[in-house]
Every structure is written in structure tokens, then in C-alpha cells.
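Input: a single structure, listed below in C-alpha cells.
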2 protein chains.
Amino acid sequence: MATPLPSIVAVAKKAGVSVATASRVMSSSTYPVSEATREKVLQAAQELHYTPNSLARSLKAQHSKLLAVLVGDNADPYFAQVARGVEEIANEHGYLTIMCNTERDPIRERTYLNTLQDYRADGIIITGSGYNHTDYTDDLNAIVQKIQQRGGAVVTLSPHVIQAPSIQTDNVGGAREITAYLLSLGHRSIAFVSGPEDVTVSDQRQQGYQQAMEAAGIAIHPTWLIQGDFTQSGGERAAYQLTQLAERPSAVFACNDETAFGLMNGLQQQGWRIPQDISLCGFGDLPMAKMVVPSLTTVHIALRELGQKGAQKILALLKEPQEPTEEILPNTIIKRNSTIPFTEH
Amino acid sequence: MATPLPSIVAVAKKAGVSVATASRVMSSSTYPVSEATREKVLQAAQELHYTPNSLARSLKAQHSKLLAVLVGDNADPYFAQVARGVEEIANEHGYLTIMCNTERDPIRERTYLNTLQDYRADGIIITGSGYNHTDYTDDLNAIVQKIQQRGGAVVTLSPHVIQAPSIQTDNVGGAREITAYLLSLGHRSIAFVSGPEDVTVSDQRQQGYQQAMEAAGIAIHPTWLIQGDFTQSGGERAAYQLTQLAERPSAVFACNDETAFGLMNGLQQQGWRIPQDISLCGFGDLPMAKMVVPSLTTVHIALRELGQKGAQKILALLKEPQEPTEEILPNTIIKRNSTIPFTEH
DNA sequence: TTGTAAGCGTTATCAA
DNA sequence: TTGATAACGCTTACAA
């Protein structure tokens, strides 16, 4: 049978003091309490194994010490790393981390945001989402605004229709750089495998790709633009499309590592050798990127750090409201074995 | 400035009814309320954008609709999959999922368990931990007991010093089977790379390995037992050790996939070809297992399903307390390209 | 069918 | 320095 935990009244009673004083010592408030009574209370609390009820505390205090991460899928290594960074900082500061998988579905995002509001989550970190547009833009922003009004903090870690302070990796720049790297290797026909349609991160990376190609004076052939969906199977499908082309590009740039892994697998299954037959690169630098054979040339994002910074931003926001800012973090190209200089076949 | 959200009193006032009736319609209790007043209340709630404060509700109801997962590291694909399964079921049933990274550290486990108790988490799922022994065994079990006493449910998903209902994959059996598979391929000298010392899962898998070897009448050479730590870098170190041996085994069984990936990388860097020079297999069947080259022969665990079952067990436990049970789930061997029949060199 | 009021476990205000 | 007491927002006896 469920027996309730001792409350502060039990402690007060046992110590022979009022709940007020008991509370004062348990909540380690600055309010003066004599050493003698403090001892008595502590003693009683100890004996009863008393610990304060966080729910009651939160209700009273109007904040919960709850921090949430909205991710597309916590099993996706990209999000997993970010979430890890968040949890780390949260834990350090006495916050609990709530994990929310949205599958990039605005409706799920909305539902979670509402629930989180009901729980008075102090901070919400949104990552891995962000369509260019959705019918729910206003909806989402309305909720976010309400969250902010009641004192909650919201931060996005990727482009999103939600208006909030944001910390992001330089998607355009990173894509431009890695494309420029392929160009510097002598490649001229470079394919690009995108993410799901209308997802902004994918568009931004495509933009970087296009900028680099344009700067090199190369017209992008329509068949070089292949649709993916950020998953390995999407990459495999892209590989198939690639092998069907009349003229094979000499390099492919996948807009994220998972896609690149899928491509690698798919292409190799079709008998293509990487990098001899085609150079391949990704974006993200997941832990697996250096493990696959050949190891993957990619854009390194400090994912865990991104999560940490997001959490720190939340903490800062909670301390004192600040102007909404957008911070763009630089990233670096990691050259590995999946790319080699262009050679005539 | 932070403006508080409307409470049920605001709704009651606006609807011109008592808080009791307002509450009755908002909490969709079975208590009879006339259609007319129900409408009025709903209307008022709508206009005020009222949603009930979950903290207050939880405080009153003595349960929080909070479910926690304790994992070693949420960025480890193994745990990530399990956590995903948990979140899925939790979300379906209106529970929020709290993610706790313990790094297998009993002290961190204890801290989290305490915090979770303070938040009145309804359910706690513990996975990825479990030393054979620790100085904190009694501590941990004391907290778990208190959690259960106050009505919370605890389930473990891997061997652990914590006494609680448990659902686990068949570690011994799986290891025995896959070792038997290697034997059936003609291998006789089979190395085993373990996890961190004293971690029970690792011991169980080693046990399975030993059982199979024994059944085949093969004495295990001491040098075949190599210490790993469940990580890729641990696998790489093991690879190095392996290459130093005077007599090379013809196969290695890594006690988890991450270790196998590290081995694969390390061995290949030393110029060993897999599977020609040595057959390799793992345990877990992470998504990456079929992506690496060569693809990895391993024991498939339905990880996500394990998480789902864990969450369902919690839900069942919450509904009505049951006898603590230990459920062992079968697993299956996935034969891929990292293993081939033994051949003389 | 509706309302009043107590209580969940805290903390903070006000008096003493 | 200590103690009553109200309040946080909700649900539920108990009355009406």
C-alpha cells in the first residue's frame, strides 16, 4: 500500500518547532534561525529521511527546475549529442531534463509545448525541426510567447519558424566551404543530396553549395540535385538515383552524415568505389564518421557543445531577460578518406 | 515582466460558477454537471486560454505523470534506442519522459533517484548500469524501496544490484549462440573482448561464451580474454592487444557492437583484413552494424521494443502492484559479412 | 446539480 | 529569533 512521504509538518512536529522555521532551515533561506533550533530541525529531518517535495516547491515558487529538449528523434546521433550537452548543464545546475521527440511534426511540437507549459517548464530548447513554413507557425509562436510571458525561456538550436533566441552552426558557410574544398580538389560535377523538402537547414546547406558553385562559375546541372530525407535509407535511395544518371558526377555532397552513410552503403553495393569512383562528403561529423570505410570527409559541428550553449543560454535568460539574439557558431571541415582529387576516368 | 497564467478561479469567475464546478468540467470528472454550466465553463476556459497547472494537479493527486529513464549515456546508440521506446509509450499515455545520464556511476544514480523521488516521478526505468557489486547497493535499494512505498514503479532493463521487476535480453543465451555460430564455422581459437570490469552484462555475455567453448571442449587460452570498456576506443585498444599476440586467434567476439566497431577500425589500421584474417562479431545490432564494412555479424536485440516493454511494465505496475518478475527476452543472431568459415593460413 | 471549504506540501508575509 | 497564517492551483468531501 502506498504510504506518503514525510512532509515538512512532520519534521516541524518532530523537532518541536513551527513549520515556518522548519521550512526556513530546509530551504536554506537566508532568514535567521538560531543554531540550536537549526540543529534540531536538521536532526529531525535526518531521522525522518525528509526531502522537500519538489512539486509543492515548484507550485509555490512558480518555477519547476524542469528543462525540456525538443528533438526530431533522440535516437538520431545528431540530436543525441545535442541532448547530452543539454542534460549535462541542466544536471550541473539542478535541473531535470525532459526529452521530447517531435519527429519534426509541428503538431507534435505544439502538443509538447503545451504540456511543457502546463508543467511550468523553466526552459525549452528546440532543435531539429524547422520547416520553411507550416500552417502552424502562428500557433507555435503564440504558445512560445505565452511561455515567455509567464517567465519561461525558449531557445532554438536550428532554424525554425519559432521566433526565439537562437544558437546555430553556420550551415551556409560550412556547406560553402566543403563544396569549395571539393572544387579545390578539381571536382567540377558535384551532386547535392538534400534533406526533406522545405526543411530550412537543408535549404541553407544547399544555398552554401550553390554559392560555392556559382563562385567557381559552374552551372549546376538539374540532375545533380537529389532529394534525400536526412536518413540512411534516404541516402540509399539517392545512391540508386545517382547510379542511374547518364553522366556520373565526380563528387557528392550529402547534407548530413546519415545521408552520407546511406550513400556510401548504396553506392558500394552498386559496385562504385569511394573515393576512386566518386568522392563523398557529409555534414555534421557524427562519431561514426571516422569509423566508416572510407572515413568520411565532413563538416564538424560541436554538437554536444551546441547543446551546452543552448542550456547555458536558457539559464542566462532565466536570470535576466535579454534581447533575443541569434548567434552563429563557426564549424570546420574535417578532411578524411572519402574524398580525393579529381581524376579523369 | 512575468505575468501568471489564468488559474481555475479565473475561469470560475468568468463563467460565474464556483471553482468546484469549474474544476469538475476541466478535469473531466464523472461528477454530474448540467450541460448548460458545462458549456459556460468551457467557453470561459477557451477565452482565457486556460489549461490546468500540472504541478498543482500532481501535488494534489500524489502522482506526477512523470516517467524517468536512467541510462549510462543517452548518446550511446544502445541507450538512445531504448530511451526512444520509452518515450514513445510514455508520450502515448500522457507521460513526460525525464532523461538521466548516470555514466554507470552509482553515486549519480543515487542522486538522480533521490531527485526523481522529490519530483514524485511515477515511474523509473533503469538501464545500462549494473556492476556486480558496489558500496552503494544498500543505499540504492533503500531509495528504490522508498519510491515503491510511496507508489512509484521501478523497472530495470539490464542486470543491476537494484532489486526491481526486470525485463532483459538473454545475454548468456545470445552470447552462447553466437559463439556456437563461430564454432560452427570451424573457428577454434576465439577471443573475447569484455566490457568494463565488474559490469554484470559483460560477465553474462562472457559466461555464454565460456559455456559454448566448454561445450565444444575447447580450453580458453588466457590471452584470448581481453578487457574492453563498451566503447569504440576500448575496442581499438583491444585491437592493438590482439595484434601483439604471438598466436593470432581466428575470431573475436566483442561483447557489444561499439567495441566491435573499435576493433574493426583498429584491426584494419594494423593491416588485418576482416573477415579474411580474423572473423569478428558483436552484440546488440546497432543501426550502424549493417553499415560498416564489412557489415557486422551480431546478436540482434530489439532495443526500442525493450524500452517500450519497460514503459508498459511501469504502466501496469502503476495500475496494480504485482509480484516482482524477471522477464528474459530472446534475441537472434544476425549473420553478416564480418564472419567467414575458418581457413588455414 | 451546485457551492463551501479543507487539504496536497511549500514558502513568504506579517506579528509577536 | 520564532510562529500563525495565507497563498500557490488544484481536487474532493461534505453540505446545501
Side-chain angles (χ1 to χ4, degrees), chain A residues 2-42 44-45 48-66 117-122 150-151, chain B residues 2-42 44-45 48-66 117-122 150-151:
Chain A
T3 54
L5 263 28
S7 75
I8 195 143
V9 282
V11 176
K13 195 167 292 173
K14 178 151 197 141
V17 299
S18 72
V19 281
T21 26
S23 166
R24 293 202 257 262
V25 359
M26 293 319 298
S27 63
S28 44
S29 94
T30 58
Y31 205 94
V33 174
S34 81
E35 223 13 75
T37 44
R38 154 163 285 116
E39 278 311 318
K40 276 195 299 185
V41 174
L42 252 21
L48 293 170
H49 295 291
Y50 168 81
T51 50
N53 181 325
S54 299
L55 259 18
R57 243 186 199 179
S58 297
L59 175 59
K60 177 74 190 181
Q62 303 280 28
H63 62 246
S64 57
K65 288 260 183 178
L66 252 26
Q117 170 79 310
D118 293 345
Y119 273 89
R120 301 296 184 269
D122 291 342
R150 70 124 230 274
Chain B
T3 54
L5 262 29
S7 76
I8 195 145
V9 280
V11 175
K13 196 167 293 174
K14 178 150 197 143
V17 299
S18 73
V19 281
T21 25
S23 167
R24 293 201 255 263
V25 0
M26 292 320 297
S27 64
S28 44
S29 98
T30 58
Y31 206 91
V33 174
S34 81
E35 221 18 71
T37 44
R38 156 164 282 117
E39 277 310 317
K40 275 194 300 184
V41 174
L42 253 21
L48 293 170
H49 295 290
Y50 169 79
T51 50
N53 181 325
S54 299
L55 259 17
R57 252 193 190 171
S58 297
L59 175 60
K60 176 73 191 179
Q62 303 280 28
H63 63 247
S64 58
K65 289 261 182 177
L66 252 27
Q117 171 78 310
D118 293 345
Y119 274 90
R120 302 295 183 269
D122 292 342
R150 70 125 230 273

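Every chain is numbered from 1, with letters handed out A, B, ... down the list of sequences.
Residue R150(B) comes nearest to L5(A) through the heavy atom pair CB-CD1, 3.7 Å, listed as atom of the first residue, atom of the second, then distance. Heavy atoms only, all atoms of each residue included: L66(A) and Y119(B) are closest at CD1-CE2, 3.6 Å. Considering every non-hydrogen atom in both A10(B) and P6(B), the closest pair reads CB-CB, 4.3 Å. When all heavy atoms of R24(B) and V33(B) are compared, the closest pair comes out as CB-CG2, 4.0 Å. Contact between V9(B) and S7(B) at its shortest, heavy atoms only, is CG2-OG, 2.5 Å. Looking at every heavy atom in both residues, S64(A) comes nearest to S58(A) through CA-OG, 3.4 Å.
Partner K40(B) forms a side chain to side chain contact (heavy atoms under 4.5 Å, CB included) with one of V17(B), T21(B), V11(B) and no other, that one being V17(B).
Interatomic distance, R57(A) CZ to Q62(A) CD, rounded to the nearest 0.5 Å: 15.0 Å.
Counting non-hydrogen atoms under 4.0 angstrom, S7(B) reaches the backbone sugars and phosphates but no base. If you check every strand for non-hydrogen atoms under 4.0 Å, T37(B) touches sugar and phosphate atoms only. If you check every strand for non-hydrogen atoms under 4.0 Å, S23(B) touches a base. Contact annotation for V9(A): no contact, since no heavy-atom pair falls under 4.0 Å across all strands. Within the 4.0 angstrom heavy-atom criterion, base atoms lie near P32(A). Nucleic acid contact for S54(A): none, since no nucleic acid atom lies under 4.0 Å from a heavy atom of the residue.
Two residues, S18(B) and A56(B), neighbour DNA chain C, and the one matched to the more 5' nucleotide by heavy-atom proximity is S18(B). Between S27(A) and Q62(B), the residue whose closest nucleotide on DNA chain C is further toward the 5' end is Q62(B). Between E35(A) and P52(B), the residue anchored closer to the 5' end of DNA chain D is E35(A), taking for each the nucleotide with the nearest heavy atom.
Contact annotation: R57(B) does not reach the phosphate of dG9(D) (side-chain N/O to OP1 or OP2, under 4.0 Å).
Protein atom CE of M26(A) is 16 Å distant from nucleotide atom P of dT2(D), rounded to whole Å. Rounding to whole angstrom units, CD1 of residue I8(A) and C1' of dG3(D) are separated by 14 Å. The distance from atom OH of Y119(A) to atom P of dG9(D) is 17 Å, rounded to the nearest whole Å. For the pair Y50(B) OH and dG9(D) P, the computed distance is 10 Å after rounding to whole Å. Note: CG (L59(A)) to C1' (dC10(D)) measures 8 Å, nearest angstrom. Spacing between atom CG of L55(B) and atom C1' of dC10(D) amounts to 11 Å, rounded to whole angstrom units.
Side chain of T51(A) to backbone of D118(B): no donor-acceptor contact under 3.5 angstrom is found. Panel note: side chain S27(A), backbone S23(A); a donor-acceptor pair is recorded below 3.5 Å.
Using a 4.0 Å cutoff to heavy atoms of chain B, the contacted part of DNA chain C runs 5' to 3' from dT1(C) to dG9(C).
For the helix from dT1(C)-dA16(D) to dA16(C)-dT1(D), the end axes, each set by the C1' atoms of five terminal pairs, are bent relative to each other by 50° (nearest 10°).
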Detail all sub-3.5 Å separations between protein N/O atoms and N/O atoms belonging to nucleotides 13-16 of chain D.
{"unit_1": "dC14(D)", "atom_1": "N4", "unit_2": "Y31(B)", "atom_2": "OH", "d": "3.4"}

